[in-house]
Each structure stands twice: as C-alpha cells, then as structure tokens.
Undergrad: 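Submitted below is the structure of interest, expressed as structure tokens.
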Amino acid sequence: MKITLKDGSVKEYSEAKSVYEIAADISEGLARVACAGEVDGQILDLRTVLDQDCTLNIVTARDEEGLRVIRHTASHVLAEAVKRLFPDAKVTIGPAIDEGFYYDFDHEPFSREDLDNLEAEMKKIIKEGHEITRFTLPRAEAIKLMEEKGEPYKVELIQDLPEDAEISFYDQGGFVDLCAGPHLMSTKGVKAFKLISSSMAYWRGDSEKARLQRIYGTAYDKKDELKEHLERLEDAKKRDHNKLGREMGLFTTVDVIGQGLPLFTPKGTKMIMKLQRWIEDLEDKEWGYVRTRTPLMAKSDLYKISGHWDHYKDGMFVLGDEEVDKEVFALRPMTCPFQYYVYKNEQHSYRDLPYRMSETSTLFRCEDSGEMHGLTRVRQFTITEAHLVIRPDQAEEELKGCFDLAYYVLSVLGLQNDVTFRLSKWDPENKKKYLGDDNYWNSTQQALRDVLEEKGVPYVEAEGEAAFYGPKIDIQAKNVYGKEDTMITIQLDCAIADNFDMYYIDQNGDKIRPYIIHRTSMGCYERTLAWLIEKYAGKFPTWLCPEQVRVLPISEKYADYAKKVKDELVKNGVDATVDERSEKIGFKIREARLDKLPYMLVVGQQEEADGTVSVRSRFAGDEGVKPLGEFIDAICKEIRTKEIRQELPQEEK
C-alpha cells in the first residue's frame, strides 16, 4: 500500500501497519510526540491499522486536534482519579472542548479541596504510566461489562447506539471506559494539566434528567503553555462581566424577582440609555428608519399567523390555557408580526419602499434555568430590532446597507476586530422545521453569501442555524471564557409576507408580495453591555461612562469652586460629580482610579484663583493644569466624536 505524507512523499508497505508504526518508521522522535493520525482528512487513533492507499498526516500537540487528544486522555485520567477517591461516583461523559475538557459525574458537589486531591491522584496515575489499550465488544457483552461495573449511564449510552455501531472501550491499567477515542498511547502523555472548577450539569443537557457534577479542567503539552493559559483565565475572571458589572454597581439580580431578570442601577441604566439614544438617532436621522411602538404581548392568534406558535411556542411565556381560556396571550419573543400590522395600516406603493421600521423592543424568551448567565442569557431583554419591507429588486442594496450599519456600530464601539461572521443556513435533512422549498433556501442563502463575499469578510457556514422563515448573517463574539454568542443578526425573509397578506402596489397597479429583512443594528442592549464590560475591563470609552468626570477639592475650603466646575461641566452635557468627603486628596484620587473614571479634576487655591483645573486621566495620568474652558471643549469633542483614547502603560502615567 502507498501512504502519501503531508510533504507529498510516499511510503510503501507490503503489509498493514498502524498509524503509530508508520510514525515510528518516519522518525522515532515523531512517534514520541504523535497524538493521532489524520487519515484522508479524518482524525483517527494512533492504534488504527491502515491496509490500503491513503493520505496521512501525523498529528502532534502543535496541532489543535492533537491538543484535543491530550485533553481527552486527561479527562479519562480524571475519571479514574474520581473512581479511586470516590468509588460510589457514577461516570457519564468526558469530552475535550475548546479550552480544555470536562467530565460529568453522578455525585455530590466537589469542593476546591476535592479538586486539589483529584489533581494529586491524577499525577499518581500519570506517573504510573499505564499503557492505554483499545478493544471492542458486541452490544450484549458491552452492556454486561458496564452493568457489572455499576455504570448505568454508560449502559444507557450503549443502548442508544445504532445497531451496527462499533462499541469500543479504552483500558488504562485496569480503568475501563466506554469511548470512541482517539487517545494517547500512555497516561504519561498528559504532561501539564489543571482542574479549574466544578459546577452542576444535567444528564444529556435535559433539566428533566439527573443532576450531575461537572469538573472542568485543561491540559497542555508544556508547563509554560499551561501557565499562560491559567494567567489568561485569571484575567478573564477579572473581566467577567457577571462579577465586574456587579462590583462596579451596574446591575444586580434578586432571587425573589427571578433568574434571568436583571435589575439595572442608575449607573447601568445611564449606559444603556446612552447606547439607546445613539442608536435611535443614528437609525432615524442618518439611515432612514421610522420608529414604532408596539405591545409587549399578543393573543396566540398573532403567533399562529406568523408561524411562531408552531415553531417557537416552547420558547415563549404563554399566559393562559388554550383548553380552558377563551383568549390565550403570550409575551412577545420578537417584534416582527407586530410591525407587519404597522405596515398594513396603510396601503403602500412601490415608490414607498424600502419601508424601514425600527423599534427599541423589549422581548421575552423562556430560557432554561441552566442556560442563564449574567447579562448574556436572560429572559427579558431589549433589542435594536428593525424590519425592512422591500421590493425584490432592492434586496441586494438593502442587505448591504444593514451590514454596513452593523459594522459601523461595531467600529464606533471598538468591537469590529472581536467578531466573526456566520452564514446560518437551513437543515435540508429536517425540512419540516422551515417554510419554503429547496429553491427558496438556495436562493436566499446565496443572496446573503453574496453580501459576505462582496464585503470581503471571512465567514463560516452553519447548517441548522437559520430561522424557520429564512437564512441569517450572524455576527458572533466570544466572552472572556471563549463561549460564543450571536451579537447582531441580519435575516432575509421572502416567505412570511404571504401569511400576513402583505403587499405593495407596483407600477402596473398589481398587488405584489414584498420581501422582508429582519435585522439588528447593535443587538441586545444587555448582551452588548456585558460584552463592553469584558472588552474594556470596566474602563469604558468616555462617552459611555456613567460618570465621566469627578471633581476633587483638596479641602472643604474649595468645595464651592468644585461645585461651580461640576455645574459648568453638566451644563455642557458632561456627566460630572464632586467628591465632597473630608478625606485626603490622595485617598480621593485612589478611589476615583478604582472606580475606573476617565477624568479627575483636582482643584485648590491656585485653580480657583486662575479658573483652571488640574487634570488627571486614565489615559495619560497627570495631564497638567488647564483652563476650565479648554478642558470642557476637549472632553465635549471626545464625547461627541465617541473617541476611544488609548491608555498608556501604568509605569508611563
């Protein structure tokens, strides 16, 4: 057989060989660092025997897939450690993930002390250096093995496998686990790892099933790589909006109000108001939108017309029982069907289109309690939602306009380099979920693909992520822990106007169905605020800060001048306060720094006499003494232009 290697060279063998044997034939050093083999594009175990012509790339820890093999093996080492220290624990699943690995156990919650003890036990297992071997069993024997070991979750997994599935196990010195692999050749291959945390999880992600305990960990090939990762995690904890936002007094949650229902303090509210006023003015005055205001709930009849009742009812808060009540209402999970009736309130001709309706919409989604997190996944949220009713010949131009507006918003916020783009398509294997036929989806998906291609942005395509009525351009971003969420979406809908009998009159006097673009310009205010907190670690651009300037009198004698300075700032639209406390000026400055304020104005005898202020900023430290009017002109320009000033390193301030 001929094995074509990554560099194009060819190895010929007269008999079958494993991937590991071929790696060793290439180089003993390569075999020592090999993690898996990429055979004809598929990642396979080193133990896989090759018996026909193929392409082969030996995967090492330098490759993403090689790192996943290390982490997958580490998860099995963790499972063995748990079974050694907590024999009554039941094992479930333990995959590698983007930032490491996890394993779920049916057991009482694990403490940090438990995790430390498990780390120590894992080190023992690794040091023992057990060879990891793979074997397969027929279904009945596989079930019997797991039953004898008292592992009911593994039994369930086996029973759910297809009848013709190969059922494989890995044995590492007596600890046997059901697994498809791939794995390293020995436990000694796990060289640098750390158990990060433990949390609750549901079996198979179903809140109706057993509550499990999930242990998260990570693993790297080298200790310095692990160290760098742990340092990034520490920085992530500091930036975590759920922690930092509460510490900064921007929002809170209360058990008796409910999970996923945040309360915004005056500071957090002011930030959202600044974002909202900016977006509304931007859309209405510069991008040609009209503004609507529609109800927060509607009868089920509306959602049945739109199709949401059939496709989205489980995600809605329904008020009433259809079998008992004459009228059943639901809190709105989206604004589109409401705005359609705004459009239908008047007859429109082809000259009236595009008709761009926007609304600052409060929406409600019945999210699972296990999905809630800070401001990124909530049950009530407010969104910059709009629907553009257009002629078919306007689709290309209007889709590009929606993209340009979204990208402009991201750029002003300083977030344009932190996003990725996704074309979210239908799933042709599950057509019952969607409106329209193959031609409809192929054409609408191509229209969005053309926009992404013309804009020159890299993007991925994802099947099954479309809305039931049309495909989407999703602008994605990751939080500090690497979890990805959709921030902005642009959807093309050429089907739903028919449900609502929406039309326009063309130049021949005929009634024509319009197309509809569903879009957000910034997305959800709550999620965007969370993103901004993490992006800037609470040190927001000046225009967004709820407190932009704090005036610090060096003693009570200069309190009146401090108030005069503050009043002049406020008169010019600057959010300013005075620190009137009887504290030393050094203490006041430190407090202002901890509050992450953009500017502090220190005033005393000389400043009062000269009508000046001593400026200290987050950006440059001591900026010196300036006339009050000069400072006001500068900060007003910074706020008006939404400038993002770069901060100097602390040692240079």
Undergrad: Is a donor from one side chain sitting under 3.5 angstrom from an acceptor on the other, for Glu534 and Tyr481?
TA: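 No.
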Undergrad: Quick one: do Asp506 and Arg351 make a salt bridge, cutoff under 4.0 Å?
TA: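 Salt bridge: no.
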Undergrad: Between Lys596 and Glu591, is a salt bridge (charged side-chain N to carboxylate O under 4.0 Å, His left out) present by the stated rule, with each step listed?
TA: CA-CA 9 Å; Lys596 308 181 191 301; Glu591 287 275 291; over 6 Å; no
Undergrad: Could you give me the CA-CA distance, side-chain angles and deciding distance for Tyr312 and Tyr303, then say whether ring-ring contact (aromatic ring centres under 6.0 Å, His included) is met?
TA: CA-CA 9 Å; Tyr312 202 78; Tyr303 305 114; 9.7 Å; no
Undergrad: Look at the aromatic rings of Trp543 and Trp278 and report parallel, tilted or perpendicular, splitting at 30° and 60°.
TA: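 The rings of Trp543 and Trp278 stand perpendicular, inter-plane angle above 60°.
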Undergrad: Under the salt bridge (charged side-chain N to carboxylate O under 4.0 Å, His left out) rule, collect the residues that match up with Asp314, sequence neighbours excluded.
TA: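 With neighbours one apart ignored, the set is empty.
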Undergrad: Using a strict cut-off of less than 4.0 Å between a Lys/Arg side-chain nitrogen and an Asp/Glu carboxylate oxygen, indicate whether Glu99 and Arg68 qualify as a salt bridge.
TA: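 Salt bridge: no.
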Undergrad: Is a side-chain donor or acceptor of Gln445 paired with a backbone partner of Trp426 at a separation under 3.5 angstrom?
TA: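 Yes.
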Undergrad: Ignoring hydrogens and geometry beyond distance, is a side-chain donor-acceptor pair present between Glu607 and Thr612 at under 3.5 Å?
TA: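 Thr612 and Glu607 do not have a side-chain donor-acceptor pair below 3.5 Å.
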Undergrad: Can a donor-acceptor pair be found, under 3.5 Å and without considering hydrogens, that links the side chain of Arg513 to the backbone of Met502?
TA: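 Judged by distance alone, yes, a pair lies under 3.5 Å.
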Undergrad: With salt bridge (charged side-chain N to carboxylate O under 4.0 Å, His left out) as the criterion, how do Asp418 and Lys478 come out once you've worked through the C-alpha distance, each side chain's angles and the decisive distance to 0.1 Å?
TA: CA-CA 8 Å; Asp418 301 322; Lys478 292 182 179 180; over 6 Å; no
Undergrad: Parallel, tilted or perpendicular for His311 and Phe468, by the 30°/60° rule?
TA: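 Plane angle under 30°, so parallel.
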Undergrad: Between Asp450 and Gln446, does a side-chain hydrogen bond (donor to acceptor under 3.5 Å, both in side chains) hold up when you go through it step by step?
TA: CA-CA 6 Å; Asp450 290 343; Gln446 187 59 46; 2.7 Å; yes
Undergrad: Per the ring-ring contact (aromatic ring centres under 6.0 Å, His included) rule, what does the pair list look like for residues 394-416, sequence neighbours excluded?
TA: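 For residues 394-416, and leaving out neighbouring residues, the ring-ring contact (aromatic ring centres under 6.0 Å, His included) pairs sorted by first residue read Phe403-Phe421.
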Undergrad: Evaluate the criterion side-chain hydrogen bond (donor to acceptor under 3.5 Å, both in side chains) for residue pair Gln339 and Thr292; output intermediate values, then yes/no.
TA: CA-CA 7 Å; Gln339 287 192 326; Thr292 66; 2.8 Å; yes
Undergrad: For a side-chain hydrogen bond (donor to acceptor under 3.5 Å, both in side chains) check, start with the C-alpha distance between Thr542 and Glu643, then their side-chain angles and the critical distance, and finish with the verdict.
TA: CA-CA 8 Å; Thr542 301; Glu643 179 185 357; over 6 Å; no
Undergrad: Salt bridge between Arg616 and Glu623, side-chain N to carboxylate O under 4.0 Å?
TA: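 Here Arg616 does not pair with Glu623 in a salt bridge, since their nearest N and O are not under 4.0 Å apart.
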Undergrad: Any ion pair linking Lys571 and Asp567 (charged N to carboxylate O, less than 4.0 Å)?
TA: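 No.
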Undergrad: The test is salt bridge (charged side-chain N to carboxylate O under 4.0 Å, His left out); show your working for Glu465 and Lys472 and say whether it passes.
TA: CA-CA 8 Å; Glu465 295 294 335; Lys472 305 182 292 177; 5.7 Å; no
Undergrad: Taking the six-membered ring of Tyr220 as reference, does the NZ or CZ atom of Arg71 fall below 6.0 Å from its centre and within a 45° cone about the axis?
TA: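 Yes - Arg71 lies over the ring of Tyr220, closer than 6.0 Å to its centre and within 45° of its axis.
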Undergrad: Would you call Arg356 and Glu398 a salt bridge, taking side-chain N to carboxylate O under 4.0 Å as the test?
TA: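 Glu398 and Arg356: salt-bridged.
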Undergrad: Taking Phe251 as the fixed residue, which of His241, Met271, Glu526 is the one that meets the side-chain contact (heavy atoms from CB on, under 4.5 Å) rule?
TA: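 Answer to the side-chain contact (heavy atoms from CB on, under 4.5 Å) test with Phe251 among His241, Met271, Glu526: His241.
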Undergrad: Dump the intermediate steps for side-chain hydrogen bond (donor to acceptor under 3.5 Å, both in side chains) on Tyr469 and Asn499, then the final yes or no.
TA: CA-CA 11 Å; Tyr469 47 77; Asn499 293 23; over 6 Å; no
Undergrad: Determine, for Phe338 and Arg332, whether the Lys NZ or Arg CZ falls below 6.0 Å from the six-membered ring centre while staying within 45 degrees of the axis.
TA: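 Here Arg332 passes the 6.0 Å and 45° test against Phe338.
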